[in-house]
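Predicted, not measured: the structure shown is a model, and the values here were computed from it.
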Amino acid sequence: MKKSITNIKISIIMGSQSDWKTLVNTEETLEHFKVSYEKKIISAHRTPERLYNYAKNLKNTNIKIIIAGAGGAAHLPGMVASLTTLPVLGVPIESKSLKGLDSLLSIVQMPAGISVPTFAIGKPGAINAALSAISILALSDQKLEHKLKIYMQKQTKTVKKFPKNS
């Protein structure tokens, strides 16, 4: 867990250790903004009791948002979302067999009533999930909102007006 200027936590969860190579991008983004977080491996299929205990006990923590990455069948985000009222943001992990399309479809095709906002497959999704979590927290944190605005302004400045060699 990292120290935070906001003293609010985000929980990064993943189905297996192999998902970390994608979700490390979430961590790096949260570090940039100095937002505190935790990270855990919770498999929907191999550790169902751990998943259930985690989700049911979130009310006893200062976790405000969950970023859940999963590949293949990718049931982790939806299962957690079905057990908590906290926002669960889904990150599809690229899989070997279908390049993450299976993960994306599994997470995005939630039944009505189980909300899991879902991001792009892989690294872009991991970064954007963190940025979305930060924007949610920034609704009640002016310092974080200011940092997010500066980040966005820096991104804008990186876009050239004209192509090279034109």
Side-chain angles (χ1 to χ4, degrees), residues 1-2 4 6 8-48 50-51 54-55 58 63-84 86-112 114-139 144 147-160:
M1 282 184 257
K2 303 294 178 185
S4 167
T6 60
I8 297 174
K9 287 187 182 178
I10 294 174
S11 186
I12 305 170
I13 60 173
M14 63 211 79
S16 67
Q17 179 63 47
S18 63
D19 298 338
W20 183 243
K21 63 183 173 234
T22 298
L23 293 172
V24 70
N25 298 287
T26 302
E27 178 182 56
E28 290 169 357
T29 305
L30 296 175
E31 289 274 338
H32 174 79
F33 285 90
K34 295 182 175 55
V35 172
S36 65
Y37 60 90
E38 66 175 20
K39 49 192 176 185
K40 296 181 178 204
I41 297 173
I42 303 172
S43 171
H45 303 110
R46 292 172 292 190
T47 64
R50 185 184 306 169
L51 180 149
Y54 165 82
L58 283 166
I63 301 297
K64 301 298 180 197
I65 301 167
I66 297 112
I67 297 174
H75 292 134
L76 180 62
M79 288 299 298
V80 172
S82 74
L83 296 167
T84 184
L86 295 177
V88 178
L89 309 179
V91 178
I93 303 296
E94 186 173 335
S95 59
K96 291 178 185 173
S97 58
L98 296 174
K99 303 288 187 208
L101 185 57
D102 49 347
S103 311
L104 173 66
L105 293 174
S106 181
I107 298 171
V108 80
Q109 284 299 114
M110 294 303 301
I114 308 295
S115 174
V116 181
T118 306
F119 296 85
I121 298 167
K123 180 179 178 178
I127 293 168
N128 286 338
L131 290 172
S132 290
I134 289 163
S135 70
I136 293 168
L137 296 177
L139 290 170
L144 193 54
K147 289 179 93 170
L148 186 57
K149 284 180 181 177
I150 290 171
Y151 176 88
M152 293 169 70
Q153 289 168 355
K154 284 181 181 177
Q155 270 203 316
T156 299
K157 288 178 182 178
T158 66
V159 179
K160 305 286 185 218

Heavy atoms, side chains only, cut-off 4.5 Å: are R50 and K40 in contact?
no
Can you find a pair of side-chain heavy atoms, one from I12 and one from L30, that are under 4.5 Å apart?
yes
With [X] via side chain to side chain contact (heavy atoms under 4.5 Å, CB included) - residues at least two apart:
{"X": "N128", "result": "F119, L131"}
{"X": "L101", "result": "L104, L105"}
{"X": "H32", "result": "Y151"}
{"X": "T158", "result": "none"}

Suppose we screen for side-chain hydrogen bond (donor to acceptor under 3.5 Å, both in side chains). Which residues come up paired with [X], at least two apart in sequence or across chains?
{"X": "S106", "answer": "none"}
{"X": "S43", "answer": "R46"}
{"X": "S135", "answer": "none"}

With a 6.0 Å cut-off (strictly less than), is the heavy-atom count around NZ of K39, excluding the residue itself, greater than 12?
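Yes - once you tally the heavy atoms of other residues, nucleotides and ligands closer than 6.0 Å, there are more than 12.
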Can T26 and Y37 be said to form a side chain to side chain donor-acceptor pair (under 3.5 Å), step by step?
CA-CA 10 Å; T26 302; Y37 60 90; over 6 Å; no
Distance-minimising heavy-atom pair for [X] and [Y]:
{"X": "G90", "Y": "P92", "answer": "O-CD, 3.7 Å"}
{"X": "N25", "Y": "A126", "answer": "CB-CB, 4.0 Å"}
{"X": "I121", "Y": "K99", "answer": "CG2-O, 3.8 Å"}
{"X": "A70", "Y": "S103", "answer": "O-CB, 3.7 Å"}

With sequence neighbours excluded, give me every side-chain hydrogen bond (donor to acceptor under 3.5 Å, both in side chains) pair touching residues 69-84.
H45-H75
Taken in chain and number order and not counting sequence neighbours, the residues that satisfy salt bridge (charged side-chain N to carboxylate O under 4.0 Å, His left out) with K149 are E145
